[in-house]
Amino acid sequence: MSRIFSGIQPSGELHIGNYLGAVKNWAQLQHVHAGSIFCVVDYHAISGNYDPAMLRARRWGMAKSLLAAGIDPAHATLFMQSDVPEHTELSWILTTITPIGDLERQTQFKDKSTKLESIPAGLLMYPVLQAADILLYRADAVPVGEDQIQHLELARDTARKWNARFGEEFFPEPRPLLTPTRRIVGLDGQAKMSKSLGNTVGLLETDDEIWAKLRPAMTDPARVRKTDPGNPDVCNIFQLHKAFSDTDTQANVVQQCTTAGWGCMDCKKVLHGNMIAEFTPIRERAAALDAEPQRVLDALADGGRAARAIAQETMAEVRERMGMGALTLPSA
Ligand code: ATP
Ligand code: MG
């Protein structure tokens, strides 16, 4: 049986891209794979510029949102990365076998670093810490969105290299688990929806807030007038229907769009209703956690304990195999 591990940065609100690409899948996989492990990766979130008070609020918000989205502490381990110091220890170890060229080639590094005047080394090392996150739990399957495929390739290379030098087949080579909605584009239709780009729709936003974002959202650019037929295949709103609407509704959207039966606003209203329907139980769980916030702390405390137990066991073995186990007196 595969061991599932995945993480999410507390770098902003949990949005529909995170949910459809990863977190919804986590909530399903936890019932199939006993002992699944999910992590709020706060060490990753400090690899860019950030405000400490904001980070504190976002760490809380992300833990609560994950529980609201369906991560169940009775089935899975949910913890805060910085509660398990072994992540940074293994990360250092893995930097010693990772070629800088491989890190400089990472698309995410290139995207994020071009916007900066001075590039923190941590941004370059981000995928090494990510490899450490996964390998620490000797996970072999990692449910993520499409943007993480390249980082996972690097994690597989890293596992292979470490195994070849220090312990054949100790670390499994982790593979990505993707969803049909592996890449959600922001509502401007320009770039991947990302917390750091501010083009998100949050899972816990109100009906009105979500509608205020959907209303001006980009559709088929060739459909200028309501009477022009549209092409759903190039419309981001149709991509979201594929995620939130049932197949009958999707077929109707195609029919109404291609015959100009509906205007884009009609189409967006149907999507809005279906999104709200999916978010209603999530909002209810979030409200219950707001009323009883200690449950968030308890889940993280239990999760941290469970994660540390596995991490410490892995690191004892890693240190031993690398010649860094406890010293004993030299034999005479
Ligand atoms: P940031 O902008 O700070 O990098 P993010 O929105 O990209 O934030 P991450 O914490 O980096 O979110 O990623 C968490 C998970 O969500 C990862 O598995 C990632 O692949 C997935 N994910 C992020 N954005 C999308 C998206 N637009 N579509 C599908 N999956 C996504
Ligand atoms: Mg990201």
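Along the sequence shown, residues are numbered consecutively beginning with 1. These figures come from a predicted structure and were not determined experimentally. Counting convention: from 1, in listed order, for ligands and their atoms alike.
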*Asks:* Taking distance alone, with N or O pairs closer than 3.5 Å, would you say Ile184 contacts ligand 1?
*Replies:*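 Checking ligand 1 against Ile184, an N or O pair does fall under 3.5 Å apart.
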*Asks:* Of all the atoms in ligand 1, which lie at a distance below 4.0 Å from a heavy atom belonging to Met193?
*Replies:*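 Answer for ligand 1: 24 (N), 25 (C), 26 (C), 27 (N).
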*Asks:* I need the nearest protein heavy-atom contact for atom 2 (O) of ligand 1: residue, atom name and distance, please.
*Replies:*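 Nearest protein contact, heavy atoms only, for atom 2 (O) of ligand 1 is Ser196 OG, 2.5 Å.
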*Asks:* Would Met125 end up clustered with Leu116 when hydrophobic side chains under 4.5 Å apart are linked, directly or stepwise?
*Replies:*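 Met125 clusters together with Leu116.
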*Asks:* Does ligand 1 have a heavy atom under 4.0 Å from the side chain of Ser194, from its backbone, from both, or from neither?
*Replies:*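 Both of them.
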*Asks:* Take every heavy atom of Lys112, measure it against each atom of ligand 1, and state whether any distance is under 4.0 Å.
*Replies:*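 True for this residue.
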*Asks:* Under a 4.0 angstrom heavy-atom cut-off, which atoms of ligand 1 come close to Gly21?
*Replies:*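 Here the atoms of ligand 1 in question are 29 (C), 30 (N).
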*Asks:* Determine whether the aromatic ring centres of residues Phe171 and Phe166 are separated by less than 6.0 angstrom.
*Replies:*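 That pair fails the under 6.0 Å test.
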*Asks:* Pull out every atom of ligand 1 sitting under 4.0 Å from any heavy atom of Lys192, numbered as shown with elements.
*Replies:*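 In order of numbering, the contacting atoms are 5 (P), 7 (O), 23 (C), 24 (N), 25 (C), 26 (C), 27 (N).
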*Asks:* Taking the non-hydrogen atoms of His15, is any one of them nearer than 4.0 angstrom to ligand 1?
*Replies:*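 Right, His15 reaches ligand 1.
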*Asks:* For Arg183, counting its heavy atoms only, list the atoms of ligand 1 lying under 4.0 Å from any of them.
*Replies:*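 So the answer, numbered in order with elements, is 28 (N), 29 (C).
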*Asks:* Please list, in number order, the atoms of ligand 1 under 4.0 Å from a heavy atom of Ser11.
*Replies:*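 Near Ser11, meaning under 4.0 Å from one of its heavy atoms, ligand 1 has 1 (P), 3 (O), 8 (O).
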*Asks:* Taking distance alone, with no angle check, do Val185 and ligand 1 share an N/O pair under 3.5 Å?
*Replies:*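 Min N/O separation from ligand 1 is not below 3.5 Å for Val185.
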*Asks:* Is it true that a side-chain atom of Thr200 and a backbone atom of Gly202 form a donor plus acceptor pair closer than 3.5 Å?
*Replies:*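 Such a contact is absent between Thr200 side chain and Gly202 backbone.
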*Asks:* Is Leu20 near ligand 1, meaning one of its heavy atoms is under 4.0 Å from it?
*Replies:*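 Contact check Leu20 vs ligand 1: negative.
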*Asks:* Would Lys195 count as a polar contact of ligand 1, with the cut-off being nitrogen or oxygen pairs under 3.5 Å?
*Replies:*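 For ligand 1, there is an N or O atom that lies under 3.5 Å from one belonging to Lys195.
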*Asks:* Got the closest protein heavy atom to atom 19 (C) of ligand 1, with its distance?
*Replies:*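 Of the protein heavy atoms, Asp147 OD1, 3.4 Å lies nearest.
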*Asks:* Using a strict 4.0 Å threshold on nitrogen-to-oxygen distance, state whether Asp102 and Arg105 make a salt bridge.
*Replies:*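 Salt bridge: yes.
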*Asks:* Can you list the ligand 1 atoms lying under 4.0 Å from a non-hydrogen atom of Gly145?
*Replies:*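 Here the atoms of ligand 1 in question are 18 (O), 19 (C), 20 (O), 21 (C), 30 (N).
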*Asks:* Between the side chain of Gln30 and the main-chain N/O of Ala27, is any donor-acceptor distance below 3.5 Å?
*Replies:*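 A pair under 3.5 Å: yes.
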*Asks:* Let me see the working for Glu89 and Arg319 under salt bridge (charged side-chain N to carboxylate O under 4.0 Å, His left out), right down to the final yes or no.
*Replies:* CA-CA 10 Å; Glu89 184 185 0; Arg319 286 190 212 110; 2.8 Å; yes
*Asks:* So how far is it from Leu103 CG to Leu123 CG, rounded to the nearest 0.5 Å?
*Replies:*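 Interatomic distance, Leu103 CG to Leu123 CG, rounded to 0.5 Å: 10.5 Å.
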*Asks:* Kindly determine whether Thr249 and Asn252 satisfy side chain to side chain donor-acceptor pair (under 3.5 Å), including the steps that lead there.
*Replies:* CA-CA 5 Å; Thr249 309; Asn252 194 27; over 6 Å; no
*Asks:* Quick one: does Tyr126 get an N or O within less than 3.5 Å of an N or O on ligand 1?
*Replies:*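 Between Tyr126 and ligand 1 (N or O atoms, distance only) the closest approach is not under 3.5 Å.
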*Asks:* Check ring pair (Phe, Tyr, Trp, His ring centres under 6.0 Å) between Tyr137 and all other residues, then give those that pass, not counting sequence neighbours.
*Replies:*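 Scan of Tyr137 (ring pair (Phe, Tyr, Trp, His ring centres under 6.0 Å), adjacent residues dropped) gives Phe5, Phe79, His87.
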*Asks:* Checking a contact table here: which protein heavy atom is nearest atom 22 (N) of ligand 1, and how many Å away?
*Replies:*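 Of every protein heavy atom, Asn18 ND2, 3.8 Å lies nearest to atom 22 (N) of ligand 1.
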*Asks:* Is there any N or O on Gly7 that sits under 3.5 Å from an N or O of ligand 1?
*Replies:*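 Such a contact does not occur with ligand 1.
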*Asks:* How close does the nearest protein non-hydrogen atom get to atom 31 (C) of ligand 1, and which residue and atom is it?
*Replies:*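 For atom 31 (C) of ligand 1, the nearest protein heavy atom comes out as Gly17 O, 3.5 Å.
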*Asks:* Quick one: nearest non-hydrogen protein atom to atom 14 (C) of ligand 1, plus distance?
*Replies:*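 The answer is Ile8 CG1, 3.6 Å.
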*Asks:* Inspect the contact between Asp72 and Arg285 and indicate whether a charged nitrogen and a carboxylate oxygen are less than 4.0 angstrom apart.
*Replies:*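 Between Asp72 and Arg285 there is no salt bridge, as every charged N stays at least 4.0 Å from the carboxylate O atoms.
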*Asks:* Should you measure from each heavy atom of Ala22, which atoms of ligand 1 turn up under 4.0 Å away?
*Replies:*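 Numbered from 1, ligand 1 contributes 18 (O).
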*Asks:* Taking side chain to side chain donor-acceptor pair (under 3.5 Å) as the definition, give me every residue that meets it alongside Asp157, ordered by chain and number, with sequence neighbours left out.
*Replies:*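 Counting only residues at least two positions away or on another chain, Asp157 forms a side chain to side chain donor-acceptor pair (under 3.5 Å) with Arg160.
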*Asks:* Considering only NZ, NE, NH1 and NH2 on the basic side and carboxylate oxygens on the acidic side, decide whether Glu317 and Arg321 come within less than 4.0 Å.
*Replies:*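 So Glu317 pairs with Arg321 through a salt bridge.
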*Asks:* Answer yes or no: does atom CZ of Arg56 have more than 12 heavy-atom neighbours from other residues, nucleotides or ligands under 6.0 Å?
*Replies:*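 Count not over threshold, so no.
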*Asks:* Within the 4.0 Å heavy-atom shell around Arg182, which atoms of ligand 1 are there?
*Replies:*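 Counting from 1, the qualifying ligand atoms are 28 (N), 29 (C), 30 (N).
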*Asks:* For ligand 1 and Glu146, I'd like to know whether there is a polar contact (N/O to N/O, distance under 3.5 Å).
*Replies:*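 No - when backbone and side-chain N and O of Glu146 are compared with those of ligand 1, no distance drops under 3.5 Å.
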*Asks:* Please name the residue in the list Arg182, Gln130, Glu153 that meets the side chain to side chain donor-acceptor pair (under 3.5 Å) test with Gln148.
*Replies:*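 With Gln148 as partner, Arg182, Gln130, Glu153 yield a single side chain to side chain donor-acceptor pair (under 3.5 Å), made by Gln130.
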*Asks:* Starting from atom 11 (O) of ligand 1, what is the nearest protein heavy atom, named by residue and atom, and what distance separates them?
*Replies:*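 The closest heavy atom on the protein side is Gln9 NE2, 3.3 Å.
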